[in-house]
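None of these values were measured; they are calculated from a predicted model. No hydrogens, no waters, no symmetry mates; every other heavy atom, side chains included, goes into these values. Atoms within a ligand are numbered from 1 in the order they appear, just like the ligands themselves.
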Amino acid sequence: MSLAPQASAPPASTSQPLIVLDKVCKSFGSHEVLHDIDLTVDRGEVVVVIGPSGSGKSTLCRCINRMEVASSGSITLDGVPLPQEGRALARLRAQVGMVFQSFNLFSHRNVLDNVTLAPIKVRGIPRKQAEATARELLDRVGIGDKADQLPAQLSGGQQQRAAIARALAMEPKVMLFDEPTSALDPEMINEVLDVMRELAASGMTMVVVTHEMGFARTVANRVVFMDGGRIVETAPPEEFFANPKSERARDFLGKVL
Ligand code: ADP
Ligand code: MG
């Protein structure tokens, strides 16, 4: 099963990383929330970001899709600096799929509309085609029978899978997940993680903020541990979990494992 056929054939011209953050800082007033973040994400790579609450994980995601503007430093996506505004920014947003803890579906539109609205409005895809693609995506995330329902008629896990389908409908180059299972009842967590696993296996580039250490161990190519607005440690999961180098990472793992 391929959740993201568009991700399986990266442009042959580019072997450069898909995302490059270079000395990114972000302050809110005098409060520096991200400090000198250097991070590259390769095509097809799954980077799992972990760290205590308030360490800057969400802000990092929001800077990558430019919902927040970095105070200094640079971020490039596919070799192109993040645009400032206007159509270029809208195009960038279309390339970066984002899935949040709170599913953020349009509550008064059915699931099919939720998945087709942006492709039709932003990408100019004809409705028929957008609907056909949306139905395929809903099948792939296992809720093909929910197309005509309103979000409130779905379980939390189904809503989150609808949100994933909605993001995929834009054929993004990368998917950002910010604690996608934190608001879910335990029995629904795995159905969402399974969809994310399959997406990773299909070759999608993913940045995933999560407290699901099992997912980090088994799916991540790299774990990034953040604390206090800094990347404290970056390592392959087997190395990170077996032998965290920093005191802060050991302390964090002691609390969550
Ligand atoms: P995490 O996702 O790791 O819990 P966040 O990125 O949400 O961390 O937050 C990091 C820090 O930035 C926190 O201290 C938070 O209060 C602060 N922060 C986040 N967003 C804003 C904002 N819009 N205005 C002011 N402070 C913010
Ligand atoms: Mg957060």
Just need the protein heavy atom nearest to atom 5 (P) of ligand 1, so name the residue and atom and give the distance. T59 OG1, 3.6 Å

Ignoring hydrogens, just give me the one of G51, S58, G228 whose non-hydrogen atom is nearest atom 2 (O) of ligand 1. S58

How far is atom 21 (C) of ligand 1 from its nearest protein heavy atom, and which residue and atom name does that atom have? F28 CE1, 3.3 Å

Any Lys/Arg nitrogen of E198 or R140 sitting under 4.0 Å from an Asp/Glu carboxylate oxygen of the other? no

Please write down residue, atom name and distance for the protein heavy atom closest to atom 16 (O) of ligand 1. H31 CE1, 4.8 Å

Have E131 and T116 got a donor and an acceptor in their side chains that come within less than 3.5 Å? no

Below 4.0 angstrom, N of the basic side chain to O of the carboxylate: do D36 and K23 qualify? no

Hey, does P180 have a side-chain heavy atom less than 4.5 Å from the side chain of V99? yes

Could you tell me which non-hydrogen atom of E187 sits nearest to which non-hydrogen atom of E191, and how far apart they are? O-OE1, 4.3 Å

Does R217 pair with E238 as a salt bridge, N-O distance under 4.0 Å? no

Residues R135, D139: salt bridge by 4.0 Å N-O rule: no

Between G54 and ligand 1, is there a nitrogen or oxygen pair with a distance under 3.5 Å? yes

Below 4.0 angstrom, counting only protein heavy atoms, does anything approach atom 27 (C) of ligand 1? yes

Side chain or backbone of R62 under 4.0 Å from ligand 1, or both, or neither, by non-hydrogen atoms? neither

Take D178 and S58, measure what side chain to side chain donor-acceptor pair (under 3.5 Å) needs, and give me the verdict at the end. CA-CA 6 Å; D178 190 1; S58 292; 2.6 Å; yes

Suppose we only count N/O/S atoms under 2.8 Å; would S58 qualify as near the Mg ion (ligand 2)? yes

Atom 8 (O) of ligand 1 has as its nearest protein heavy atom G56 N, 3.2 Å

Does this structure show an ion pair linking D194 with R197, if we count only N-O contacts that are shorter than 4.0 Å? yes

Proximity to ligand 1 by part of V33, non-hydrogen separation under 4.0 Å: side chain

Atoms of ligand 1 close to P52 [distance to a heavy atom under 4.0 angstrom, numbered from 1]: 3 (O)

Does E179 have a non-hydrogen atom less than 4.0 Å from ligand 1? no

Under 4.0 Å from one or more heavy atoms of S55, ligand 1 contributes atoms 1 (P), 3 (O), 8 (O)

